[in-house]
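First the structure, in the form of structure tokens, and then the observations on it.
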2 protein chains.
Amino acid sequence: MLSQNIIKELTNIVGKDNNILTSKEDLICYSYDATNQKFLPDAVVFPKDAQEISLILKMANFEGFPVVPRGAGSGFSGGSLPVNGGVVISLERMNKILKIDADNLTAVVEPGIVTGDLQAEVEKLGLFYPPDPTSLKFSTIGGNVAENAGGPRAVKYGVTRDYVLGLEVVLPTGEIINTGTETMKGVVGYDLTKLMVGSEGTLGIVTKIILKLIPLPEAVKTMLAVFVDMRDAAETVSKIICSRIIPSTLEFIDRNCIKCVEDYLQIGLPLNVSIRGLPKDADAILLIEVDGDKDLIEKESATIQRICLDNGAKEFRLAKDKKEVKELWKARRAISPSLKKLNPDKINEDIVVPRNKIPDAITGVQDIAKKYELTIANFGHAGDGNIHVNIMIDKSNKDELARAEKAVKEIFKLTIELGGTISGEHGIGISKMPYISMELSPAAIDAMKKIKNVLDPKGILNPGKIFYTERHNEADQGATKARSEAYV
Amino acid sequence: MLSQNIIKELTNIVGKDNNILTSKEDLICYSYDATNQKFLPDAVVFPKDAQEISLILKMANFEGFPVVPRGAGSGFSGGSLPVNGGVVISLERMNKILKIDADNLTAVVEPGIVTGDLQAEVEKLGLFYPPDPTSLKFSTIGGNVAENAGGPRAVKYGVTRDYVLGLEVVLPTGEIINTGTETMKGVVGYDLTKLMVGSEGTLGIVTKIILKLIPLPEAVKTMLAVFVDMRDAAETVSKIICSRIIPSTLEFIDRNCIKCVEDYLQIGLPLNVSIRGLPKDADAILLIEVDGDKDLIEKESATIQRICLDNGAKEFRLAKDKKEVKELWKARRAISPSLKKLNPDKINEDIVVPRNKIPDAITGVQDIAKKYELTIANFGHAGDGNIHVNIMIDKSNKDELARAEKAVKEIFKLTIELGGTISGEHGIGISKMPYISMELSPAAIDAMKKIKNVLDPKGILNPGKIFYTERHNEADQGATKARSEAYV
């Protein structure tokens, strides 16, 4: 609980006009994220700039209360949850595009701008900001930076990290620093920019972001290929890339997802463009896009068609117009709602394996599903080996929940054995904290903790995230509690 | 000086057979880099793996001697110089390619492999490792990682940092850790990989590198355009990129460089392909390459030709065959030797400005040259605003040297005013250490030092580099000494 004095001081910093919330009803709105877990903060503030955030952090160090930065609260790992209460710093008010520089292909933005809104703005100028987390219509650039968000286009264009040239950051102790440059190159001192990207709001609060842009591709072609053997689909992915084509999207949908989506979309879609009427034995779908020069993608899509058909695709569809593009994406877009029909609750994991290990990963996950009598549906970004593993459960069934927890651990074990990683784009936050030592050695975790502790000696910034720390006992308890409630 | 006991212990670790050097004649070979400064180490060792390096670092912490990692010693900022003596760890023996994975487009290599050799190997398999520092025929991947090396192709393909997926690193205290992943995505914990890249061997010794590869472009086209007004050349660069073409090379050569190169190449080259016969008033040359799909680059080079001629190019040449490609590159390649003809010594700076500020930077540098009565020749990577500023002096002329030092500081000031950075790809090392605070704030430097100190509490790993530290007084003295001798 924060004292009245602290609340008064916070109000002095951010100003009265709805820039601080303390009533329970208001706080509830800032207590959760996409993990569906809830932790009530003691206050929510809406600062307007780095200076105000600096003052809040200095006060937090002095008074010893936790501070948790928050974008849109759409994260999948609990990065923005105030697990130990304290002050949530919402970046909502800091949502301006400060500069779009078409000559130098850069933009300077505040963290609170919604990623999709920024994309729309730069595209008006013929420019392109490629990272496209599925949440892009509501998630913010600040949140994307904190979690190093990816998305379907990462296979060709990389992730958020690859577009962050520099930052303005308020360090946990309140100092405001600038990292990186507005230029494409720069090697002056340590790369604090990339250290901040993906640090899940634990090393600093980002208040300004310098982004790299690229020219907007001239055109896009969308294709869909249906395979009766998932291994053929996976092989096709490798063969496309070996043919020197890097598609801008290379999405993969497994049998269980196809089944769900088919059931879900069973209503009135024209046969020729919906995914209805798929071969009954469809084992995998690839949704493929190429973008760039008009003539080139014409040629590339022809090559992709040939590769798909040569490698066992039972069906291949190429969208002829925008309407057909939308139809082809329908299957991919329908996955989330259709999975919900299958079972009320979903444990959504985010593993990555080397691209050619996808069949082993899917087969392994299917074996684990069988062993624990669970329904697991997989889809994801086949181009970069990033698979979203969805364990469909009913959380009120405690036995099923327990089996699911065991399955998660086995899936992570399998992933690491295949040379992969337990999180491709969602981060660790609180939901993967118990598993981080499956992937990282004690010495690596220790090095990270040392960096955390030296930059945040009082442990006030977003405590209880990523790893358990001896120094932040209070935070740990919150995190443990969080974990114990994770799927409840 | 190292005690005989330490030498004996080191020998026990690395083994006798020429894996340790201690005689003065041998040490001299490891005392310098491309800055032409010399600092004699006390011993040079050639470990074969991370375990041996770990033992050496543990001993260094216990005994308190400096350890300096070294690749090929081709750095331009002194990163590999043993400014306080101690043990040089040469990574020469660790030069193997451990894996090239054509399916997943990755390679795992040891740090000592020469970058050009690695490139040749992967190209045999139709793969591509794009970063191309001019030193690639002798510099090593480990050195490239330590300095985050760039090169002409960075405009399209990015720098070393963009290709490092993961590392095996021996931390200053001797722990061996793995960072990152073999997959394209990964967000588990802090990004220690990118923190290590560009840390100039001060945060750890890299012993294994997981690199991202891409498919080898099908073809390349090389062009050269001559401008009588440098501003037209700069504008052309922006216009090419606005036309959605990102050339794989976009090199810029200024008037002084052209003059030097013309004088240097004055002997017997056929007029039509050499750069002899350039317009007398040539103010800038652009050397442009596009790569990728054969048909696409045909189209792109036609567009580039049109843009060049529309924007004041007095001459435009497109190489018809490999021989002509070589001829067009001749001017660019002749810069370094021809500059040496101009004056015996060169202060080689490495600034970056936003792409469209290149004319302001060049004009500003020319003004500074006039003010201090110096000859300054500029060339560089126009696509990413990276200009190599070459102040041509005779170091025996103390007055000229003093003027040059003043000019350097003014050039850095101008660079920062234009929104740029004082080092694009050479690093800070010792040669730019006195200037780092022109670009970084005290709080940013403090954050970096905190990270350095917490990972290297005894200050034994590559001390006296990047920034002055209160805790490493001995190192500072070395660095100051180094600086004072920098251009001598």
Side-chain angles (χ1 to χ4, degrees), chain A residues 103-105 147-148 150 154 159 162 171 175 177-179 181-192 194-195 197-199 215 218 238 241 244 293 295-296 352-356 384-386 419-425 427-428 436 439-441 443-445 447-448 450-451 454-455 466, chain B residues 103-105 147-148 150 154 159 162 171 175 177-179 181-192 194-195 197-199 215 218 238 241 244 293 295-296 352-356 384-386 419-425 427-428 436 439-441 443-445 447-448 450-451 454-455 466:
Chain A
D103 269 343
N104 295 304
L105 299 183
E147 300 297 326
N148 188 17
V159 294
D162 302 309
L171 294 176
E175 294 85 2
I177 64 166
N178 290 289
T179 72
T181 60
E182 272 195 59
T183 55
M184 295 302 130
K185 284 177 177 170
V187 289
V188 175
Y190 300 147
D191 195 342
L192 296 184
K194 308 286 182 192
L195 180 64
V197 177
S199 67
E218 189 183 11
S238 286
I241 289 169
R244 291 187 174 137
D293 176 79
D295 300 330
L296 179 63
V352 192
V353 294
R355 193 186 293 132
N356 65 351
D384 43 32
N386 190 186
T421 175
I422 65 172
S423 187
E425 47 187 24
I428 300 300
I436 192 171
E439 182 166 333
L440 300 178
S441 70
I445 294 175
M448 292 177 189
K450 278 179 178 165
I451 292 170
V454 79
L455 294 180
I466 306 180
Chain B
D103 269 343
N104 295 303
L105 299 183
E147 300 297 325
N148 188 18
V159 294
D162 302 308
L171 294 176
E175 294 85 1
I177 64 167
N178 290 288
T179 72
T181 60
E182 272 196 58
T183 55
M184 294 303 132
K185 284 177 177 169
V187 289
V188 176
Y190 300 147
D191 196 342
L192 296 185
K194 308 287 181 191
L195 180 64
V197 177
S199 66
E218 190 182 12
S238 286
I241 289 168
R244 292 186 174 138
D293 176 80
D295 300 330
L296 179 63
V352 191
V353 294
R355 191 186 294 131
N356 65 351
D384 43 33
N386 190 187
T421 175
I422 64 171
S423 187
E425 49 187 24
I428 299 300
I436 192 170
E439 181 165 333
L440 300 178
S441 69
I445 294 174
M448 292 178 188
K450 279 179 178 165
I451 293 170
V454 79
L455 294 180
I466 305 180

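Note that the structure is a prediction, hence the values are computed from the model and not measured. Every chain is numbered from 1 and lettered A, B, ... according to where its sequence line falls, protein lines coming before strand lines.
- Rounded to the nearest 0.5 angstrom, Asn386(A) CG and Thr183(B) OG1 are separated by 8.5 Å.
- Inter-residue side-chain proximity for Leu105(A) and Ile241(B) is flagged as met; some heavy-atom pair is nearer than 4.5 Å.
- Each of Ile466(B), Asp293(B), Leu296(B), Leu195(B) has some count of heavy-atom pairs under 4.5 Å with chain A, and the biggest count is that of Asp293(B).
- Most heavy-atom pairs under 4.5 Å with chain A: of the set Gly419(B), Pro354(B), Gly427(B), Gly150(B), this distinction falls to Pro354(B).
- Here Arg244(B) is the residue among Met184(B), Arg244(B), Glu439(B) with the most heavy-atom pairs under 4.5 Å with chain A.
- At least one donor-acceptor pair under 3.5 Å links the side chain of Asn104(A) to the backbone N or O of Asn356(B).
- Using a 4.5 Å cut-off on side-chain heavy atoms (C-beta onward), Glu182(B) and Thr421(A) make no contact.
- Between Asp103(B) and Arg355(A) the shortest side-chain heavy-atom distance does not fall below 4.5 Å.
- Contact of Glu147(A) with chain B is made through the backbone alone, with heavy-atom distances under 4.5 Å.
- Most heavy-atom pairs under 4.5 Å with chain A, from the set Ala443(B), Ser423(B), Ser238(B), Ala444(B): that is Ser423(B).
- Your options are Asp295(B), Ile445(B), Asn178(B), and the one with the most heavy-atom pairs under 4.5 Å with chain A is Asp295(B).
- The OG atom of Ser199(A) sits 13.0 Å away from atom CD1 of Ile428(A), with the distance rounded to the nearest 0.5 Å.
- Heavy atoms closer than 4.5 Å to chain B are found in both the backbone and the side chain of Val352(A).
- Interface check for chain B: of the options Val187(A), Ile177(A), Ile451(A), the most heavy-atom pairs under 4.5 Å are formed by Val187(A).
- Only the side chain of Ser441(B) has a heavy atom closer than 4.5 Å to any heavy atom of chain A.
- For Lys185(B), the salt bridge (Lys or Arg N to Asp or Glu O under 4.0 Å) partners are Asp384(A), Glu425(A), not counting sequence neighbours.
- Chain A forms more heavy-atom pairs under 4.5 Å with one residue of Thr181(B), Asp191(B), Val188(B) than with any other, namely Val188(B).
- Both the backbone and the side chain of Ile422(B) come within contact range of chain A, with heavy atoms under 4.5 Å apart.
- The closest side-chain heavy-atom distance from Met448(B) to Leu440(B) is below 4.5 Å.
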